[in-house]
Amino acid sequence: MQKLMLNLIPLLVLVLASAVMAGDFQTRSLIDKTYVRDNSYCRLNNKTIEIEVRSFDKYTEVGDSEYGEHIFALQSGRPILLPLNHDNLGSYRLFKGKSDYCSKSLAISTGEDVLALFFLKDNRPLGDTLSILFYNVKTTRSQLLETAYSTENGIIDQGKLKFQLLQKNIAPQLGKIKIKGSDFIFHEKSIRPWLVLEGTDFVTDNFLTYERSEVQIHFINQNEFERNFGWNPKSKKFLLQKYYYAINHQLKEECLAVPYKKKMNLATHKWKCRKHP
């Protein structure tokens with residue numbers, strides 16, 4: 001039995017080597033059939049990796065120029081097909097931004113040899129969704145985490161990914177309303193909270209949500225902002241994320257109201273008004 005096992009070892013090594021060679025051949029064949037749409041150079045522990053976004057299309061429209069069906073890592077001269085678009089139905093682009101690890105894309109280190117690389121998956125017109133690839137620069141193995149979070153803006157802050165949630169109202173309310181006896185045009189909007197990646201979980205960054213909010217100027221401070229939008233420190237969520245924005249161009253005045261009920265008469269809202277700059 002032991003002799004049989006010893007005889008099987010060379011065969012097993014041969015099978016594994018053949019599988020690796022077949023994988024490399026398929027990868028190189030795929031590279032020969034695709035064109036570089038974008039790239040970013042990343043570095044961790046003295047190992048440099050070039051991330052390439054590749055597409056089958058040689059020419060594209062302006063809005064499609066950074067997307068590709070396949071993502072590759074080039075390390076030590078060897079191309080490695082990364083496990084994005086495993087179902088061959090998607091298209092991805094780099095999540096652009098400043099980081100300590102990549103030349104023009106967002107990335108963080110999540111372990112001694114692991115880089116978390118961030119991509120955006122095409123989901124137009126609803127907004128691209130966040131994808132995270134955990135890549136081990138030592139073993140070249142990777143794991144993919146796909147999310148349903150739509151975003152287009154992100155930063156690396158204190159070694160963590162923070163990104164603004166893109167919430168599009170499918171059928172927002174809009175119309176005219178009288179505020180203090182004057183006619184205003186109003187429409188419904190969302191506060192678009194900022195999320196932070198904690199390990200593999202996502203929590204709301206209440207401070208950044210307030211700091212980057214376009215309606216921050218309507219509130220005295222962060223506490224008032226959080227009270228109006230129902231910030232819950234236990235769940236770390238804003239219970240209310242919709243608001244109404246109204247403007248009167250002749251009066252140069254703008255107003256804001258946060259509905260605390262789903263169905264509510266707009267006239268009964270408490271409108272916060274200020275002169276429009």
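Remember, it's a predicted structure, so these values are computed and weren't measured experimentally.
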Distance-only polar pair, side chains of Glu50 and Asn39, donor-acceptor under 3.5 Å: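 Side chains of Glu50 and Asn39: pair found under 3.5 Å.
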Among Asp100, Asn136, Val137, Ile49, side-chain contact (heavy atoms from CB on, under 4.5 Å) partner for Leu44: Val137
Going by disulfide bond (SG atoms under 2.5 Å apart), name the pairs with one or both residues in [range], residues two or more places apart or in two chains.
range: residues 155-224; answer: none
range: residues 79-191; answer: Cys42-Cys102
range: residues 136-200; answer: none
range: residues 161-257; answer: Cys255-Cys273

Just wondering, more than 12 heavy atoms not from [X] lying within 6.0 Å of its [atom1]?
X: Ile217; atom1: CD1; answer: no
X: Lys237; atom1: NZ; answer: no
X: Lys176; atom1: NZ; answer: no
X: Arg141; atom1: CZ; answer: no
X: Lys236; atom1: NZ; answer: no
X: Glu224; atom1: CD; answer: yes

CA sep, side-chain torsions, deciding dist, call: Thr151, Gln164, side chain to side chain donor-acceptor pair (under 3.5 Å): CA-CA 6 Å; Thr151 184; Gln164 188 177 34; over 6 Å; no
Is a donor on one side and an acceptor on the other found under 3.5 Å between the side chain of [X] and the backbone of [Y]?
X: Thr27; Y: Pro79; answer: no
X: Lys275; Y: Leu251; answer: yes
X: Ser131; Y: Glu146; answer: no
X: Ser213; Y: Val215; answer: yes
X: Ser99; Y: Ser105; answer: yes

Whether Tyr243 and Phe229 hold their rings parallel, tilted or perpendicular, with breakpoints at 30° and 60°: perpendicular
Geometric class of the Tyr244/His269 ring pair [parallel <30°, tilted 30-60°, perpendicular >60°]: tilted
Connected hydrophobic set around Tyr41, excluding itself, where side chains approach under 4.5 Å: none
Fellow cluster residues of Val196, listed by chain then number, with links counted only when side-chain atoms sit under 4.5 Å apart: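 Result for Val196 is Val203.
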Aromatic ring proximity Tyr210/Phe225, centre distance under 6.0 Å: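 Yes, close enough.
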Closest non-hydrogen atom pair, Pro193 against Gln167: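 Closest heavy-atom pair between Pro193 and Gln167: CD-NE2, 3.5 Å.
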Short N-O contact, [X] and [Y], less than 4.0 angstrom:
X: Arg212; Y: Asp205; result: no
X: Glu152; Y: Arg192; result: yes
X: Lys47; Y: Asp113; result: no

Separation of Tyr135 OH from Ile71 CD1 (nearest 0.5 Å): 13.5 Å
Leu74/Glu52 under side chain to side chain contact (heavy atoms under 4.5 Å, CB included): CA gap, chis, key distance, verdict: CA-CA 8 Å; Leu74 278 70; Glu52 284 190 352; 3.9 Å; yes
Step-by-step side chain to side chain contact (heavy atoms under 4.5 Å, CB included) determination, Gln222 to Phe207: CA-CA 7 Å; Gln222 183 178 345; Phe207 173 75; 3.3 Å; yes
From Tyr92, Phe119, Phe56, residue fulfilling ring pair (Phe, Tyr, Trp, His ring centres under 6.0 Å) relative to His70: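 Running ring pair (Phe, Tyr, Trp, His ring centres under 6.0 Å) over Tyr92, Phe119, Phe56 with His70 returns exactly one hit, Phe56.
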Side chain to side chain donor-acceptor pair (under 3.5 Å) evaluation trace for Glu69 with Ser91: CA-CA 5 Å; Glu69 297 86 6; Ser91 185; 5.1 Å; no
Option passing salt bridge (Lys or Arg N to Asp or Glu O under 4.0 Å) with Asp128 (candidates Arg93, Lys121, Lys96): Arg93
Residues Thr140, Arg78; criterion side chain to side chain contact (heavy atoms under 4.5 Å, CB included); working and verdict: CA-CA 10 Å; Thr140 71; Arg78 178 191 171 199; 4.2 Å; yes
